[in-house]
Amino acid sequence: MADTQDQALAGLRTQIDAVDREMLDLLNRRAGLAQKVGEIKKHQGSLVFRPEREAAVIAGLKQHNPGPLKNDNIAPIWREIMSACRALETPTRVAYLGPAGTFSEQAALGFFGSSIVRVPCSNIDEVFHVTSAGAADFGVVPVENSTEGGVARTLDLLLSTPLFIVAETSLFVRHNLLRAQDSLEGIQAVCAHPQALAQCQGWLAQHLPHAERRPVSSNAEGARLAAQDTSLAAIASTRAGSEYGLHLVAPAIQDDAHNRTRFAVLTQPEQHPSPRASGNDCTSLVVSVLNRPGALHDLVLPLKQHDVSMTRFESRPARSGGQWEYYFYIDLQGHPDDAKVAAALKELRANCAFFKVLGTYPLDTH
Ligand SMILES: O=C(O)C(=O)C[C@]1(C(=O)O)C=C[C@@H](O)C=C1
């Protein structure tokens, strides 16, 4: 019996080897085609990275997937394939909040695949700066979290940046308590990015009520500090934990089990004109209105009149000397190539004291 099973196993593995070789041939054929596309783009002086095309490739495959491969596995597999094909056309330099092991790095790799040139930055301002200065082709910044809301620094920098949002990507964020020794005893301070501390405040209040909460520039920086001092613990990903040789003292300590962070992919508009309509797009704006009765109601009325959905509305103080004035960050469903969206935007703009389109991009296909 054992012999027959061993033989069956060996037979199946031989077939897997043969399929892998066929796949390798097909992948090389695909890579050759991408290289030809790359030559045409070089000739035309057009851009290599086309998020709307990548989104369409993934959506098309999901639609035609007969299984047993799960649809959720399609995007990560094809992102890696397209990343490798893209790298044959040209290197893609991507800036994000580093160091190695941050959720921003995970988001950048999840979106662009691992065949990129990594440009880790020490804070969100540097990601904007490095991308605006052309030292990176793209910047990946956190925009909002499902527990904590908008990332204030990103929202403030989006207001004045010359960069455009060309894509979005979101990540399930699982926080862990990590430490050089495997116990909760004697922890004097917990080091993490302020957003992570906020996303775990319930767990910290219950399990480490007396430990100091110490905000640091990134969770990976917290992990680095915790590796050097046993009185410290960090809140970070398991990836950062293995990077710095830390114990997983408590897994998944975020207060919301479905905690997600949404990231924006930024680039210079002259480098990369807005992606064309993919059929499932978002347009992000920031606006302000004069402080008068009914101003907010009038602002959003054109959206209702032209049947355009608003998926996000968030305010930030305008820092106008204590005047209680605000900037409003608005996400609309659709692309300005769509007549309804174009008409709504035109009317909305007429109602605003300040109006800026942050970008139009395909919705996350993960
Ligand atoms: O279709 C293209 O424009 C390509 O360059 C090919 C390809 C791919 O591998 O499918 C690679 C990079 C682009 O971002 C989009 C798609």
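What you see below is based on every heavy atom in this structure, not just the backbone, and it leaves out hydrogens, waters and symmetry mates. Every number for a ligand or one of its atoms is a count from 1 in the order of the listing. For reference, positions follow the sequence shown, starting with 1.
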Pick from Ser218, Pro120, Ser217, Pro142: which one makes a side chain to side chain contact (heavy atoms under 4.5 Å, CB included) with Thr102?
Ser218

Could you tell me, atom by atom, which parts of ligand 1 come under 4.0 Å of a heavy atom of Cys85?
9 (O)

Check each heavy atom of Ile81 against ligand 1 and say whether those closer than 4.0 Å belong to the side chain, the backbone, both or neither.
neither

Can you sort out which atoms of ligand 1 are near Val48, meaning under 4.0 Å from one of its heavy atoms?
12 (C), 13 (C), 14 (O)

Modelled atom types, side-chain donor and acceptor of Thr147 and Asn259, under 3.5 Å:
yes

Under-4.0 Å heavy-atom contact with ligand 1, by part of Met82 that carries it:
both

Set of side chain to side chain donor-acceptor pair (under 3.5 Å) partners for Asp255, sequence neighbours left out
none

Out of Glu54, Lys36, Arg79, who gets a non-hydrogen atom closest to atom 12 (C) of ligand 1?
Glu54

For Phe49, the atoms of ligand 1 under 4.0 Å from one of its heavy atoms are 14 (O)

Quiz question: by atom type and distance under 3.5 Å, do the side chains of Glu105 and Tyr96 form a donor-acceptor pair?
yes

Do Asn65 and Asn71 pair up side chain to side chain, a donor and an acceptor below 3.5 Å, judged on atom types alone?
yes

Would you mind listing which atoms of ligand 1 come within a distance below 4.0 Å of any non-hydrogen atom of Val37?
2 (C), 3 (O), 4 (C), 5 (O)

Determine whether the aromatic ring centres of Phe111 and Phe138 lie less than 6.0 Å apart.
no

Ignoring hydrogens and angles, tell me if any N or O in the side chain of Gln201 forms a donor-acceptor pair with the backbone of Ala198 under 3.5 Å.
yes

Distance to 0.1 Å, residue and atom name: give those for the protein heavy atom nearest to atom 16 (C) of ligand 1.
Arg53 CG, 3.9 Å

closest protein heavy atom to atom 10 (O) of ligand 1 is Arg30 NH2, 2.8 Å

For Gln188, check side-chain contact (heavy atoms from CB on, under 4.5 Å) against everything at least two apart and list the hits.
Ser231

When distances are taken from atom 11 (C) of ligand 1, the protein heavy atom at minimum range is Glu89 OE2, 3.6 Å

So the atoms of ligand 1 within less than 4.0 Å of a heavy atom of Arg86 turn out to be 12 (C)

Tell me, which protein residue and heavy-atom name are nearest atom 2 (C) of ligand 1, and how many Å apart are they?
Lys41 NZ, 3.4 Å

